[in-house]
Amino acid sequence: MTKVYSKSLFFNHSLTGKALLIIILIFSGFPESTFAQKPFKIVIDAGHGGKDPGRPNKSGIKEKDIVLKIALDLGGKLENSGNEVIYTRDKDVFLTLRQRAKIANDVDADLFISIHCNAFHDSSVHGSETFVYGLHVSEANFNIAKKENEINFIDDHYLDDEETYNPTSNESLIGITLMQEEYLDQSILLASFVQNNFTKNLKIRNRGVKQSGFWVLHNTYMPSILIEAGFMTNPKEGSYLNSKRGQVEISNSIYDAIIKYKKAINYSGDFEIKPNIQSSITYKVQIAAGKRRLELKSYNFKGLSNLSRIKQGSIYKYFYSSSKSLTEIKIKKKYARSNGFPNAYIVGFENGKLFEID
Ligand SMILES: [Zn+2]
C-alpha cells in the first residue's frame, strides 16, 4: 500500500516537474494577429514553363500553355470568392521544382495545387488522375476500384529537373512519415473531390486518386495534390484540353472541389481547424525578437510570410506559421531553421498566454 502511494506521488511529482520544465509561462495577453481573419491561402502551380514545354506530344499542343490558362482561370475564381491566391508562375517562365515548393512553404499556404496534362505513346489512353504524395500505391485505402488491364506507366514529372531525393535516407523517411500523418488524409479528400467533379461534370474518364513520389508534393508542407487533367495525346481529349471551353470547365471543377474541401474540413477564417485535432493550444514558430518593430512583410523575414507579432515589455517577438498540431508546427520549425532562422523554436498560445515549448 505504502509502495503504491509513494509511486503515485513520485509520478505526480515528476509530471509537474516536467510540465514546469517544458512549459514556461512568460506572458499574458493576446498576440496581435492570432485571432485576425485569415483568408484561405492557395498556391496554384502551373506545371513546366519557359524552356520546359512539358510532356512531348505530336499534336503541337504545349502542356505549359494549357496548364497556365487553367491555373489563371482557377486563381481568378478563387480570388473573387475571398481566397488568397499565390501563383508559382503567372507567365511563361521556367521554375525549378525547388523554387515551386519554396514559394508554397514561404507563404505557409493552406493548399498546394499543381496542374499538369498527361501524354502517352498510345493515343487511345485518356482520362484524368490526381496524385497525392506517397511511395506506394495503396488503392485499397481510397476505395477506388481498379479496372483490369489498366495501363500503368512511370510518370516522369518528378524527374524533370535537377532535383532528386533519396527515399531511403533517414531524413526523407522522417519527412514522409510526418507528411503522411499530417496531410495525407486531407490531400486525398481534395483529390477525390477533384476526380469526382471531373467524372460527374465533365464526363472525363476517372483514372483515380493515386499516390506517387512527385518531388514537389513531397516537399510542400501542406495538403498538396497534382492534377493530370487529361491526355494531350488522345485526339478528342487533347483538343478539349486545348480549347477555351475545356480549360474553363476544368478550372470550374477544380474550383468547386476546393470549395467542397473547405467545407469538409470546417475551415474558418478565424483560425485553422483540423479534423480529429481538438486542442486549445495554438502553436507558432518564434523566428526573431528585438526592440525594433518590423512590418510583417516577407522581405523583412527572408521570404517567409504568415507572420505574427507580440510585444512583451520593450521587446517585439515575431512568429512564423500557426497550427493546432504540434507535429505540423515541428515541420514548419524545420523549414524556418533551414531558411535563414537557425535558432527558430516552437511556442504555444493557450488562452492568450505564450508558452515556450522547446
Ligand atoms: Zn506535366
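Indexing begins at 1, ligand by ligand and atom by atom, following the structure's order. We count residues from 1, following the sequence as given.
- Residue His116: an N/O/S atom is found under 2.8 Å from the Zn ion (ligand 1).
- With respect to Asp92 and Lys64, a salt bridge is recorded, a charged nitrogen being found less than 4.0 Å from a carboxylate O.
- Between Phe349 and Phe319, the distance separating the two ring centers is shorter than 6.0 angstrom.
- Under the 6.0 Å cut-off for aromatic ring centres, Tyr318 and Phe301 qualify, their centroids lying closer than that.
- Closest approach between the Zn ion (ligand 1) and any N/O/S atom of His48 involves NE2.
- No side-chain donor-acceptor contact under 3.5 Å links Arg98 and Asn219.
- The atom of Glu63 nearest to the Zn ion (ligand 1) is OE2, with the search restricted to N, O or S atoms.
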